[in-house]
Amino acid sequence: MMERVQDQYRALFEHSADAMLIIDDGKFVDCNAATLHMLGYTNRADLFATHPSQLSPPHQPDGLPSFDKANEMIRIAIEQGSHRFEWIHRKVDGTDFPVEVLLTAISAGSKTLLHVVWRDITQRKKAEEKLRLAKYVTESTSEGIIVTDMDLRIIEVNPAYCELLGYRREEVLGRNAGFTKSGRHDNAFYKSIWNTLHESGKWQGEIWDRRKNGEVFPIYLRLNTIYDAAGKPCYYTGLFSDITHQKRTEEQLEELAFNDPLTGLPNRALFHQRLMQDLKSCRRHENKLALLFIDLDRFKNINDSLGHSSGDILLVEVGKRIKSTVRSIDTVARMGGDEFTVILSDLEDEHMAADIASKILATVIQPVWIHQHEITPHMSIGISLYPRDAETVDDLTRYADMAMYHAKSEGGDGFHFFLEEMNRESKRRLLLENEMNAGLSQGQFVPYFQPIYDLQSGQLVGMEALARWHHPDRGLIMPDDFIPLAEETGFITTLGNHILQQACSQVKTWMEEYSQELSLAVNLSGRQFNSNELSDQIQLILDSTRLPPHCLTLEITESMVMGRIERTLNQLNQLRDAGLNLAIDDFGTGYSSLSYLQRFPVNTLKIDRAFINDVLTDRNSRAIVRAIISMAKAMELDVVAEGVENQQQLMFLKQLACQKVQGYLFSKPIPADQFELLLSGGDKPYQLSC
Ligand code: C2E
Ligand code: CA
Ligand code: CA
């Protein structure tokens with residue numbers, strides 16, 4: 001039995017793929033075939049009675065003599081029963097190779113044998129060394145390295161990556177690689193990266209990323225796919241290089257290439273680029289854009305008579321002045337010589353271009369002192385418009401240039417649009433603006449008055465003041481022809497105050513003269529209403545005219561109060577606190593939101609005259625008028641029906657118990673002296689005895 005076990009053991013020993021040996025008293029006494037093969041011996045007897053150090057180089061990698069170290073290993077194995085360690089052996093041909101040694105103590109009677117197993121670990125050592133090298137490279141490189149699985153989950157990063165992005169390794173492991181996206185690129189951009197990566201296995205390019213502290217910075221990114229032995233993709237790697245410095249240098253170079261060294265303004269190249277960008281954005285947002293081409297008049301004379309350095313000073317000053325008149329989003333460029341361009345982007349209204357051109361002219365055409373000489377720059381401006389005139393950079397530039405020559409041919413110090421109709425229109429507006437200003441000081445603007453009657457009693461209870469312009473050449477001009485422009489230019493505030501002042505003063509006089517209380521309604525424009533000085537202005541007028549506040553009603557429209565509720569409420573409450581009345585004009589045309597209305601301290605609704613006009617022919621209008629009147633009643637508001645032109649309309653309103661009426665049926669808006677006839681009874685007032 002015992003013998004059979006021994007035979008089996010012998011067979012195992014002999015056929016094991018690992019080298020196996022037996023040590024007795026520090027010497028090899030047996031070994032198997034694999035040992036001979038490993039060491040390159042042919043004769044088993046050659047190994048007998050050798051000490052392990054005789055099959056090894058003189059020293060082990062840690063520097064210890066193989067002889068001493070081998071004895072130490074044997075001692076430990078006997079003491080502990082077994083011992084595993086790494087060792088360098090030497091083949092018969094002199095080459096060294098690493099093995100993992102396992103010594104196991106076996107008691108055999110009175111002595112202890114050691115069973116030895118050697119496993120060749122050359123391959124493992126090589127792989128370990130490779131890994132160690134790879135680790136060294138990834139840890140010492142200054143480029144960030146990231147490894148992700150196929151779902152882009154981060155499985156490893158190197159220290160440079162952590163430093164670059166500002167995260168600790170543990171903070172990023174397991175996260176999606178996209179978590180440092182800067183937000184500067186759209187989804188399409190990332191999608192195109194992944195498409196390329198999928199198709200070709202790699203991608204590289206510039207990209208903006210975000211650090212943990214929120215800072216966005218540029219990197220050069222190289223993405224690669226790693227495949228397994230079967231050619232299946234299993235990892236992605238990313239190599240991040242910080243290119244902040246490079247970018248900065250590029251920008252500095254760009255600055256040099258794109259700026260005019262004399263004035264510091266963008267040069268022709270940058271102008272071109274900006275115009276292209278602005279056009280793109282205007283196209284996307286359906287905005288308008290104006291291009292101003294500016295050329296100094298008679299600049300050559302200055303250069304010739306005062307020298308180039310004076311000319312340079314003048315150009316710098318002109319550039320500064322132009323820039324000071326436009327918004328920061330607009331581009332002012334120097335094209336070379338005495339030519340400048342201005343890009344006005346995101347224009348709401350094309351006429352703004354004319355306003356800005358006039359402003360530039362007014363600002364630039366002021367004396368400059370250069371070397372004790374007073375010089376006044378003169379210039380001509382040409383304007384082209386996107387999309388009205390042209391859609392491309394070249395066409396817009398060409399047209400603005402052409403328009404500039406037109407302005408020059410008209411004597412300079414002016415501007416000219418490329419399109420004749422724009423010219424006419426802008427000239428008309430400028431003329432009108434100037435005339436309005438002059439007309440106001442010459443008393444050409446006066447209020448007309450349209451009477452308002454109480455429908456039940458038939459009594460004249462008040463009037464609405466409506467602005468009229470007595471133009472010296474064109475006769476009577478109606479508000480629709482000047483209020484819109486006055487609104488745009490801001491002139492309306494002065495004009496509105498003027499009308500308010502005159503109307504209040506007139507009505508106060510009438511109230512005293514005819515001992516009758518009258519209610520005066522005056523229209524407020526949006527701009528007036530939004531002005532912070534409104535209540536102060538009105539208080540001033542009420543004080544100076546001594547019209548009791550409750551006799552004044554300010555008419556505002558729904559659109560003026562909608563939207564900015566809080567601000568509006570403040571304004572309205574202030575006016576109400578001063579004792580004034582408030583009416584919503586043109587009611588029914590706007591939002592007519594009840595819930596809004598309830599929050600406003602309003603006294604009166606004026607039904608828009610369009611509804612009164614249609615009340616007999618259109619069921620809808622009839623329903624609206626009916627609804628407004630009953631709603632006003634429920635909310636205890638006064639109602640005035642505007643634009644009553646005939647008896648039938650009046651009848652209808654009376655049936656609905658509408659309180660007040662106003663319209664051509666009774667009287668058109670009339671000048672003060674005619675209105676006085678109504679008050680004095682000299683002109684037979686309309687009889688509301690229906
Ligand atoms: P609004 O406030 O709705 O004024 C009523 C308009 O209807 C007036 O036109 C008046 O003449 C007209 N009207 C009155 N009864 C009838 C009628 O029976 N039939 C017809 N077809 N029309 C009638 P007007 O005077 O031309 O004023 C037009 C607008 O100009 C006013 O509309 C008002 O919005 C504005 N406006 C007038 N004066 C001033 C002012 O001093 N300041 C401000 N901000 N706006 C004013
Ligand atoms: Ca009105
Ligand atoms: Ca109205």
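Read the numbers this way: they start at 1 and go in the same order the structure lists the ligands and their atoms. Residues take their numbers from the sequence shown, with the count starting at 1. Note that the structure is a prediction, hence the values are computed from the model and not measured. The analysis underlying the following values was restricted to heavy atoms, covering all of them including side chains, and did not include hydrogens, waters or symmetry mates.
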Give, for atom CD of Q659 and atom CD1 of I452, the distance between the pair rounded to the nearest 0.5 Å.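 Rounded to the nearest 0.5 Å, the CD-CD1 separation comes to 12.5 Å.
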
Is the side chain of [X] donor-acceptor paired with the backbone N or O of [Y] at a distance under 3.5 Å, no angle test?
| X | Y | answer |
| --- | --- | --- |
| Q571 | S531 | yes |
| N437 | E433 | yes |
| N603 | L582 | yes |
| E339 | D295 | no |

May I ask you to list the atoms of ligand 1 that are less than 4.0 angstrom from any heavy atom of [X]?
| X | answer |
| --- | --- |
| D586 | 3 (O) |
| V644 | 18 (O) |
| E464 | 2 (O), 4 (O) |
| E645 | 17 (C), 18 (O), 19 (N), 20 (C), 21 (N) |
| L524 | 44 (N) |
| G663 | 15 (N), 18 (O) |

Any side-chain donor near an acceptor of the partner, [X] and [Y], under 3.5 Å:
| X | Y | result |
| --- | --- | --- |
| S380 | D297 | yes |
| E410 | H416 | yes |
| H471 | Q444 | no |
| S535 | Q574 | yes |

Parallel, tilted or perpendicular for F445 and F482, by the 30°/60° rule?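 Because their plane-to-plane angle is over 60°, the rings of F445 and F482 count as perpendicular.
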
Contact partition for [X] relative to ligand 1, non-hydrogen atoms under 4.0 Å:
| X | answer |
| --- | --- |
| D585 | side chain |
| I499 | side chain |
| I483 | side chain |
| Q662 | neither |
| K668 | neither |
| V522 | neither |

Check E645 with R609, please: is the shortest side-chain N to carboxylate O separation under 4.0 Å?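 Salt bridge between R609 and E645, a charged N being under 4.0 Å from a carboxylate O: no.
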
Work out whether the distance between some heavy atom of E487 and some atom of ligand 1 is less than 4.0 Å.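 No.
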
Does the residue P669 have a heavy-atom contact with ligand 1, meaning some pair of atoms that are separated by less than 4.0 Å?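 It does, in that a heavy atom of P669 comes within the 4.0 Å cut-off of ligand 1.
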
Minimum distance, heavy atoms only, to atom 44 (N) of ligand 1: which one of A467, P484, G643, S525 is it?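 Checking each option, the heavy atom nearest atom 44 (N) of ligand 1 is found in S525.
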
For atom 12 (C) of ligand 1, state which one of K606, Q450, R609, E642 supplies the nearest heavy atom.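 Shortest heavy-atom distance from atom 12 (C) of ligand 1: R609.
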
Could you tell me whether some N/O pair between A465 and ligand 1 is separated by less than 3.5 angstrom?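 Between A465 and ligand 1 (N or O atoms, distance only) the closest approach is not under 3.5 Å.
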
Run K288 and E350 through salt bridge (charged side-chain N to carboxylate O under 4.0 Å, His left out) and show every step you take. CA-CA 7 Å; K288 297 179 179 128; E350 293 163 338; 5.1 Å; no

With the Ca ion (ligand 2) at the center, what angle do OE1 from E555 and OD2 from D585 span, rounded to 10 degrees?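 An angle of 90° at the metal.
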
Could you pull out the atom name of the N/O/S atom in E464 that is nearest the Ca ion (ligand 2)?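 This residue's closest N, O or S atom turns out to be OE2.
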
